[in-house]
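Residue numbers start from 1 in every chain, and the chains themselves are labelled A, B, ... in the order their sequence lines are given, proteins ahead of strands.
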Amino acid sequence: MYNHGEIDKKWQDKWLAEGVFKAEDFSEKPKKYLLVEFPFPSGAGLHVGHPRSYVALDVLARKLRMQGNNVLYPMGWDAFGLPTENYAIKTGRPPAEVTAENIATFKAQIQSLGLSFDWSREVNSTDPGYYKWTQWQFLQFFKAGLAYKAKSVINWCPKDKIGLANEEAQGGICERCGGPVEKREKEQWMIGITKYADRLITDLETVNYLPKIQKQQEEWIGKSEGAEIEFSVVQNPQILFASTNGGKAKLFRESFDKINSGIAVVAPSDLGITPIEVEEGSDLMENAEKKARAYFGKTDLPILANDAGVEIEGENLDPAFARRNALVGIDEKTLSPEEIAQRVTEFYSALAKKYGGTARTAIHTAFVLLFPDGRIERVSSTIKGVLVETPEGELDVRMPLNNLFKVDGSDDVVAVDGAKVHAAWTAMNNSIADFCGKKIRVFTTRPDTLFGVTYITLAPEHDFVKEIVSPSQRSEVEKYVATVARKTEIERTDATREKTGVFTGAFAVNPVNAERVPIWISDYVLAGYGTGAVMAVPAHDERDFEFAKKFGLEMRLVVAGDDVVPFTEEGIAVNSEFLNGLTTAEAKQKMISWLEEQKAGARKITYKLRDWVFSRQRYWGEPIPLVHCDHCAAKKQKVLFVHAFGSTGSKDAIMRAQLEALGFEVLMPRMSTVNEPDFEKWMEELAPYFEQLGEDDIVIGHSLGGHAAASALLRANKKIKALLLMAPSLGEFASGYWEVRKQENPTHTAAIDKLSAFIARPVDLQKVSVLADAKEVVWSDDDTRVPEPTHELYPTGWYINRVTGQNHFYGTAGVKIFVEMITKYKNTGWVSLPDSALPLTLPPVEKYEPTDNGESPLASIPEFVNTTCPRCGGAATRETDTMPNWAGSSWYFLRYIDAHNDKEFAAADKLKYWMPVDLYNGGMEHTTLHLLYSRFWNKFMFDLGFVPTVEPYARRVSHGLIMASDGNKMSKSKGNVVNPDEIVREQGADTLRAYELFIGPFAEPAPWSENGVAGVKRFLDRVMRLPEKVAAAESEEVTRGLHKMLARVTEDLDRMSFNTVVAQYMTFVNTVYGAGAITKDSLQIFLRALNVVAPHVSEELWAQLGGPGLVCQQSWPQFTHSLTLDENFELVVQVNGKVRDRIQTPSGLSEDELKKLALASLKVQEWLQGKEPQKIVVIKNKLVSIAI
RNA sequence: GCCGCGGUGGUGGAAUGGUAUACACAAGGGACUUAAAAUCCCUCGUCGAAAGGCUUGCGGGUUCGAGUCCCGCCCGCGGCACCA
């Protein structure tokens, strides 16, 4: 038994003193960056599970060094977190103090293992010098608009009055008191990781991750392709047609050639109603005029209106109105009022004809045309209505509505008296405008089953629930919503539970067949996924099936398959009109195209990944370096709108009204050079407006105005909050219209350079939003074409948003999107601390417990909370939430590269030298969160130009857990934890190292075994006695054994098969003992190979044998291929696949010679019994296989 | 339920489609010793006295040859889970 205690210490001190494991920045040698997850230094100290990964990568690090690489293998501490905080709550000791102690313990323990870490780069996430940069990086997210505050659910223990982390609320039970945990909404900081969802998936192709890790990442992000489909909402007609006389009437329902969202065909005559006569001055006409007048003076163009909506310059402010016009074939721009009236009449007449009806004179529609000079034309004079005879009765066909009317479960509506119907009719007409904007969007991965939809379900949390619920259903719906809110997480996500839900009283119109289907709410719909609404196809979805069964809802088979119901697989479409006969894949495509043509839906990709909840109401974390300033929040921001040549007329008025309502001050200068563009003059006229702008203000430029705005901004050299370019025609036009015109600089590249120059740093614009026309080519600043941009963040910080179906002179949809985008830049009152104020350090507190209302303990320190606004100098309050543990660990690998830099988180040239991490090993438990967060973090820093690689880790592998000898997980509570200290003390560091490698395949879990440790120890003792066997000569067996061992060890290390590496060493040592002698040279070669696993033992023997320097600084031993083979080998001869003979044969014989040898074998002759072999297969140096 | 991984001696495990059970543990026997520890040697999948047969969860298939590849099951582990 060797004296391991003395030897271990001696060599560890020596390595440290000589700095042999220091990584050298910018060395000429090839760099290799190996990384293990930095541990949380718990009070319990190191546990045998920790070193498994450290030792394994240490072996690789040592080998790579011996192979001439410049290796960075660092270690640090992920020291923020709950266990320390809970300990502090219990004992009242400051977490910083406890952390320092724990780190000291951990470090001593880790250092006792002889790991070749470069301790000069040690980092500690709780060190203000470290978290200064965590905070600084958080501010980059904030400044890019990627960090935002939003309501989010937290686990709340009502008894302890404290918010719990997910791991403290497992199974819906509070870890502290054992009571049930509730969900509670709280404003939390969120980080927009979902914006990177797609890149986080696609970039996986560029890295080498263990397949299961890659798979888990992909599934966590959860991309699904399908369609988003719009269903118009209609209320139950019962509300409109309240019964008074009890009589019944039929409603005729038909989907006229599948017109988009349907036509309402009601039968007032059947209801006992006289068709409504609309005279000038009547309600309908009054409404139309009122609507038109609302826009008077705000546009230079004629305004067309009816009581349902307004249209200016061919842009429909009301999609229903537009649809009607499309239906009737009206183009207001080209038709005169008389012609319009004519068209409408013709349309109704055609309808009448189609359904065998007769036209009847009645005024059904009112239009007005209001001209800029105040002249008004009323277009409603006489339009013929239609009376239709049908098998179901006589019908009066009215103007197409957005609605279909049908009473639950039947085609009946209830008759009412004339006056009430009139009122209802008016109300209904009025409501069209209200309803037309109300569309329920659903996400589906099976658009091919759209014909099978029999109801719609919303998540109870859906925004629309309150708006669409019918009065009669209100109380029931509210009751249900409340019940759901009270449910715990487990209750809600238990899929085996019986489905629950209630009907809202509202209906939705299926765009594909104009059918009205009921809208329900149910908690089986997840609010956070897709749109929070589902189109239910009970015949082809398990969940919808259960729900429909329970509530007696219709099921409709639209995919032919097995006889099982529900049939959820793919098949052939049936009962689906234009999809019939298509396979599921084909039907999906066809349906999506159809939806896109009809503008009723679109191809859509949805992700499971949610934004990252970044707030913790805790003490022991990085303080979030933001203050809230009421004064800054209240400050009016200016929005400067720079027009193109022509004014955008009516849109201005709408945009202005909406922005002003949101509290912005709007500037819309009219240029004198509108019709004869003169760039310099334009700049001159714009200058005073830009002069007024401050850093909170926003500039919008439309078309050429975008380029003018950008140029004016550059000239004014102003810092503003955001520049939004609306349809700037980036592709053809980016160098500015002016340059193109002068033919000076027509190429895209130069154009883009120009554009990016102003977008980028001089005006400090993180945010340039581009709203592009549908067919416009959009280029990003690296001169690559941006594929199908839509709400994406691109490298310079541009948000590009493509508006489909809009022309260059943006329509109302464009206004809507722009108002949304501008709203994003509205001051929230959250102001970031200047870099000079970082780090914002944790103040000392007395109590570490969260406050009664769930705020962090920081909230109870007035000196911390109350501060001044760094922006306006007024009174402000600090954010008291702290960051999650994942923050510091999202970038620690960057800090190792330049651990002591106090100017930046790491110097660019050093990052460029060391990144990416060549090999990153960690536990499977970190595959989803940590790995995803840090990849995202790195990507964002890459986008800002701070790190050199898109992906932080070139390769990721993981190790299995070390289990206790009883087969359970090691845990304090089970009392089965093995402490590495004890092993190191009693059997030496090398024993622990070698055993952890030998225990089993690195990636698999393995049970700890005391006996196994003893076996490894025995092996090392045998190694220590090898010098006794040193002789002048050795047998050939030993020499060949040495080379075989080297070949296999080298190969096994490359594939991280550490357990077999140790076995190879053992085999070799057994060979030496068997032979009884080894030369000094061979032993020294062996020690060089062994060093990576057993560094202490090998250094000691190396010194004993008088080798030069340190073994760990020798080169990795080479082997001679010819010596890895034995001189003779046992030729295996198989007959019909069974081994029949083994013949000692010299290595290297030819195939023919082997064949002859095999056939000559007596045993083989016996088995052949004179038969002629059918086939003979020869494998050199292995076997001969004979088939008869 | 879905996805991934695995199932080989008493145990941990080894095996680019080519001699299944390397290496180690445990067990048994022996040597050394007054004895113990340590060390060293031998045996060690299974049936069989042997020759030889059988054996990698089960059943098929491909192949001269299958632990390994393919199909269908069974079992275990890990992850996700009402994601439409």
> For the side chain of A/L526, counting heavy atoms from C-beta on, which of B/C82, B/U19, B/G13 is nearest?
Replying inline: B/C82

> Base, sugar-phosphate, or nothing for A/R1055, non-hydrogen atoms under 4.0 angstrom?
Replying inline: sugar-phosphate

> Where the side chain of A/E219 is defined as all heavy atoms beyond and including C-beta, which of B/C3, B/U19, B/C54 is the nearest nucleotide?
Replying inline: B/C3

>> Applying a 4.0 Å non-hydrogen cut-off, can you work out what A/I999 is touching in the nucleic acid: base, sugar-phosphate, or nothing?
In response: sugar-phosphate

> When you match A/S1185 and A/P1005 each to their closest nucleotide on RNA chain B, which lands nearer the 5' end?
Replying inline: A/P1005

> When you compare B/G67 with B/U21, how far apart are their P atoms, in angstrom units rounded to a whole number?
Replying inline: 12 Å

> Given the C1' atoms of B/U56 and B/G48, what is the spacing between them in whole Å?
Replying inline: 22 Å

> Looking for any heavy atom pair under 4.0 Å, which part of the strands does A/S1009 touch: base, sugar-phosphate only, or nothing?
Replying inline: nothing

>> Rounded to whole Å, how long is the line connecting atom CD of A/E996 with atom P of B/G12?
In response: 19 Å

>> Taking 4.0 Å as the cut-off, does a side-chain nitrogen or oxygen of A/R1140 come that near to OP1 or OP2 on B/G53?
In response: yes

> Across the strands shown, which category fits A/Y607 at heavy-atom distances under 4.0 angstrom: base, sugar-phosphate, nothing?
Replying inline: nothing

> Just one of A/V559, A/V558, A/T568, A/V537 clears the side-chain contact (heavy atoms from CB on, under 4.5 Å) bar with A/R446, so which one?
Replying inline: A/V559

> Just to confirm, is there a sub-4.0 Å distance from OP1 or OP2 of B/C23 to any side-chain nitrogen or oxygen of A/T1060?
Replying inline: no

>> Please report the distance separating the P of B/A26 from the corresponding atom of B/A38, rounded so that it comes out in whole Å.
In response: 10 Å

> To the nearest angstrom, how far is A/K549 atom NZ from B/C82 atom P?
Replying inline: 19 Å

> Can you check the A/E1004 CD to B/G13 P distance for me, whole Å?
Replying inline: 8 Å

>> Quick check for you: to the nearest 0.5 Å, what is the distance between A/M924 atom CE and A/L931 atom CG?
In response: 9.5 Å

> Atom CG of A/N1011 and atom C1' of B/C23: how far apart are they, to the nearest Å?
Replying inline: 16 Å

> Could A/K1156 and A/D1152 be called an ion pair, given the rule that one side-chain N must be under 4.0 Å from one carboxylate O?
Replying inline: no

> Taking any strand in view, what nucleotide pairs with B/U34 in a Watson-Crick or G-U wobble way, both distances under 3.5 Å?
Replying inline: none

>> In this structure, how many angstroms lie between the P atom of B/A14 and the CZ atom of A/F1058, rounded?
In response: 14 Å

> Centre of A/Y920's six-membered ring, under 6.0 Å away, within 45 degrees of the axis: is that where NZ or CZ of A/R956 sits?
Replying inline: yes

>> Does this structure show an ion pair linking A/R1055 with A/E1051, if we count only N-O contacts that are shorter than 4.0 Å?
In response: yes

> Given atom CZ of A/R1018 and atom C1' of B/C40, what is their separation to the nearest angstrom?
Replying inline: 12 Å

>> Using a 4.0 Å heavy-atom cut-off, does A/N1070 contact any base of the nucleic acid, only the sugar-phosphate backbone, or nothing at all?
In response: sugar-phosphate

>> Just to be sure I understand the rule, does A/G1000 reach a base, reach only the sugar-phosphate, or reach nothing, if contact means heavy atoms closer than 4.0 Å?
In response: nothing

> What form does the base of B/G12 take, syn (within 90° of 0) or anti?
Replying inline: anti

>> Distance check, P atoms only: B/C3 and B/A81, in whole angstrom units.
In response: 16 Å

>> Which heavy atom of A/D544 sits nearest to which heavy atom of A/Y455, and what is that distance?
In response: O-OH, 3.3 Å

> Starting at CE of A/M924 and ending at C1' of B/G4, how long is that distance when rounded to a whole Å?
Replying inline: 9 Å

>> What's the closest nucleotide to the side chain of A/Q216 if the choices are B/A84, B/A22, B/G79?
In response: B/G79

> Which whole number of Å gives the distance between the C1' atom of B/C74 and that of B/C58?
Replying inline: 7 Å

> At under 4.0 Å between heavy atoms, what does A/Q1134 touch on the DNA or RNA strands: base, sugar-phosphate, or nothing?
Replying inline: base

> Is B/A51 paired to anything, Watson-Crick or G-U wobble with both distances less than 3.5 Å, and if yes, which nucleotide?
Replying inline: none

>> Under 4.0 Å, counting only non-hydrogen atoms across every strand here, what does A/P1001 touch: a base, just sugar-phosphate, or nothing?
In response: sugar-phosphate

>> Under 3.5 Å, is there any donor-acceptor pair linking the side chain of A/K499 to the base of B/C82?
In response: yes

> How would you label the contact of A/K212 with the nucleic acid (heavy atoms, under 4.0 Å): base, sugar-phosphate, or nothing?
Replying inline: sugar-phosphate

> More than 12 heavy atoms of other residues, nucleotides or ligands under 6.0 Å from CZ of A/R441: is that the case?
Replying inline: no

>> With nearest nucleotide decided by heavy atoms, which residue, A/D544 or A/P1007, maps closer to the 5′ end of RNA chain B?
In response: A/P1007

>> My understanding is that a pair needs two contacts under 3.5 Å, Watson-Crick or G-U wobble. By that rule, which nucleotide pairs with B/G1?
In response: B/C80

> Which whole number of Å gives the distance between the P atom of B/C64 and that of B/C75?
Replying inline: 35 Å

> OP1 or OP2 of B/C23 less than 4.0 angstrom from a side-chain nitrogen or oxygen of A/Y1065, does that happen here?
Replying inline: no

>> Say we look at B/U46 and B/G9: how far apart would their C1' atoms be, to the nearest angstrom?
In response: 10 Å

> In whole angstrom, what separates A/E228's CD from B/A84's P?
Replying inline: 14 Å

> In the strands shown, is B/G10 matched to any nucleotide by a Watson-Crick or G-U wobble pair with both distances under 3.5 Å, and which?
Replying inline: B/C25

Please output the side-chain donor-acceptor pairs of residues 1005-1014 of chain A that fall under 3.5 Å, not counting sequence neighbours, one pair per line with the distance.
unit_1, atom_1, unit_2, atom_2, d
A/S1009, OG, A/N1011, N, 3.4
A/S1009, OG, A/G1012, N, 2.8

> When you compare B/A36 with B/G28, how far apart are their P atoms, in angstrom units rounded to a whole number?
Replying inline: 15 Å

